[in-house]
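Here the structure is laid out as structure tokens; the discussion comes afterwards.
Positions are given from 1 along the sequence.
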Amino acid sequence: MLLHLPTSVSEVQQHTAEGALPIGGATLAWATYQRDGFPDHVMSLRNLPEANTLGPEVLGAAVLLARIDDRVPEVLRRAAGSIGTGAVRRAATVGGNIVGSTLRCLLPAALVLNARATVLDSAGVYETDLTELLAKRPVLLSIGWRTPLTSGYFKQEADAGGPPPFVVATAVHAGSDGTRQLRLAVRDGYEFLTASADHDGDVDAVLAAVEATDIGALPLDLRDVVRAQIMEVLNR
Ligand SMILES: Cc1cc2nc3c(=O)[nH]c(=O)nc-3n(C[C@H](O)[C@H](O)[C@H](O)COP(=O)(O)OP(=O)(O)OC[C@H]3O[C@@H](n4cnc5c(N)ncnc54)[C@H](O)[C@@H]3O)c2cc1C
């Protein structure tokens, strides 16, 4: 298996056209290769500057989870810090988590930030939303977002190897006309649900708006967790 280490987007494009799949820390890919056979060649983005950016409004796909710190919004930092063990976080990448894993603890955080993905495929480099990213799975170079006013992340305690723990991610965004908007995403099992509601100071109205979405069909104990997270982030 040949490992390409492109240093420019044009090199990534060339390797992609030649059929090289992206690889991050191989924390998942290795087991897949052992089961299905090793590909002829793969491509790591670890030497590509665009995939290694880490800032208040951008996160590169090759950034190791352990490197994600308070330069990014709280929701993203806490999501990254909750993933696996220290050893996993020192090897696994943003791209491998969002595009390649099934748990995708970073995804609810990216959803509430309304993140856009910068990706590459045979059409070249372009920006897309997270839904299309997950449907088409092009090479992810980075995600970007606008800084929210505040954000929060909650992950239920769970035993290793058990069912995926319930996750609630929240972010409050400023609208152009002085209004505020709450964005919320939950992970229930392997399913992701989202909701958003305008916030003019009336917390009960926000809670009612969220309850009117698919989130209102969750079991009562999980809805209680969601309500607590909404009140916590709105009352800051
Ligand atoms: C012990 C353990 C505990 C874990 N706990 C959690 C948890 O609590 N929450 C959670 O969310 N996850 C958890 N995981 C899964 C973890 O998130 C993944 O192992 C990790 O994120 C994969 O990252 P990687 O860089 O190693 O990807 P790799 O294994 O290298 O790649 C995985 C897949 O992603 C694709 N890929 C990689 N980079 C890109 C890219 N830039 N663009 C497009 N596709 C790409 C690859 O082609 C491959 O298909 C756990 C894993 C382990 C081993």
Side-chain angles (χ1 to χ4, degrees), residues 1-73 76-77 79-81 83-84 86-107 109-111 113-147:
M1 184 175 77
L2 180 65
L3 173 65
H4 299 293
L5 292 166
T7 57
S8 68
V9 167
S10 58
E11 281 176 40
V12 175
Q13 206 155 5
Q14 184 193 327
H15 296 313
T16 304
E18 291 164 359
L21 290 173
I23 190 170
T27 59
L28 292 179
W30 195 255
T32 309
Y33 299 161
Q34 285 182 315
R35 190 190 62 215
D36 301 340
F38 284 77
D40 291 339
H41 54 164
V42 292
M43 162 183 66
S44 163
L45 305 183
R46 81 168 80 125
N47 291 346
L48 181 75
E50 289 86 343
N52 280 284
T53 41
L54 172 55
E57 298 192 338
V58 65
L59 183 58
V63 172
L64 301 180
L65 302 182
R67 276 189 59 215
I68 298 175
D69 57 20
D70 58 11
R71 280 172 281 183
V72 302
L76 209 42
R77 175 173 52 80
I83 293 171
V88 169
R89 293 193 293 275
R90 285 191 290 277
T93 62
V94 170
N97 186 269
I98 294 180
V99 186
S101 85
T102 49
L103 286 177
R104 300 196 165 112
C105 275
L106 292 185
L107 182 62
L111 285 168
L113 291 173
N114 212 6
R116 302 275 299 164
T118 302
V119 301
L120 181 151
D121 66 11
S122 52
V125 176
Y126 61 98
E127 219 184 74
T128 187
D129 59 35
L130 297 171
T131 307
E132 190 174 317
L133 170 70
L134 299 187
K136 296 191 177 164
R137 295 172 56 113
V139 177
L140 177 66
L141 298 180
S142 63
I143 57 170
W145 59 86
R146 292 252 185 85
T147 302

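The two residues Ile83 and Cys105 come nearest to each other via the heavy atoms CG1-CB, 3.5 Å. Scanning all heavy atoms of the two residues, the minimum distance from Ile68 to Ala80 falls at CD1-CB, 3.7 Å. The two atoms that bring Asn52 and Asn47 nearest to each other are ND2-N, 4.2 Å, heavy atoms only. The two residues Val99 and Arg137 make their nearest non-hydrogen contact at O-NH1, 3.0 Å. Pairing each heavy atom of Gly100 with each of Leu28, the nearest pair is O-CD1, 3.7 Å. The minimum heavy-atom distance between Glu127 and Thr118, with the atom names listed, is CG-OG1, 4.2 Å.
Atom NE2 of residue His4 and atom CG of residue Leu21 lie 10.5 Å apart, to the nearest 0.5 angstrom. With rounding to the nearest 0.5 angstrom, the CG atom of Leu140 is 12.0 Å from the CG atom of Asp121. Glu57 CD to Leu113 CG: the interatomic distance, rounded to the nearest 0.5 Å, is 10.0 Å. For the atom pair CG of Leu133 and CD1 of Ile143, the computed distance is 9.0 Å after rounding to the nearest 0.5 Å. One distance of note links OG of Ser101 with CG of Leu107; it measures 8.5 Å at 0.5 Å rounding. Between Leu103 atom CG and Asn97 atom CG the span is 8.0 Å, to the nearest 0.5 Å.
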Does the side-chain contact (heavy atoms from CB on, under 4.5 Å) test come out yes or no for Leu59 and Leu54, once each step is laid out?
-> CA-CA 5 Å; Leu59 183 58; Leu54 172 55; 3.5 Å; yes
Evaluate the criterion side-chain contact (heavy atoms from CB on, under 4.5 Å) for residue pair Asn114 and Arg146; output intermediate values, then yes/no.
-> CA-CA 8 Å; Asn114 212 6; Arg146 292 252 185 85; over 6 Å; no
Worked check of side-chain contact (heavy atoms from CB on, under 4.5 Å) between Leu106 and Leu65 | CA-CA 10 Å; Leu106 292 185; Leu65 302 182; 3.8 Å; yes
His15 and His41: CA distance, side-chain angles, deciding distance, ring-ring contact (aromatic ring centres under 6.0 Å, His included) verdict | CA-CA 9 Å; His15 296 313; His41 54 164; 7.5 Å; no
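Here the side chains of Met43 and Val139 are in contact, with some heavy-atom distance below 4.5 Å. Between Thr93 and Val63 there is no side-chain heavy-atom pair separated by less than 4.5 Å.
Classification of the Phe38-Trp30 ring pair by plane angle, with boundaries at 30° and 60°, yields perpendicular.
Judged purely by atom type and a 3.5 angstrom limit, Arg104 uses its side chain to pair as donor or acceptor with the backbone of Ile98. Between the side chain of Arg90 and the backbone N or O of Leu64, no donor-acceptor pair lies under 3.5 Å.
Atom CG of Asp36 has more than 12 neighbouring heavy atoms from other residues, nucleotides or ligands inside a 6.0 Å radius. Within 6.0 Å of CZ on Arg46 lie no more than 12 heavy atoms contributed by other residues, nucleotides or ligands.
Each of Thr53, Leu45, Val119 was checked for a side-chain contact (heavy atoms from CB on, under 4.5 Å) with Leu141, and the lone residue meeting it is Leu45.
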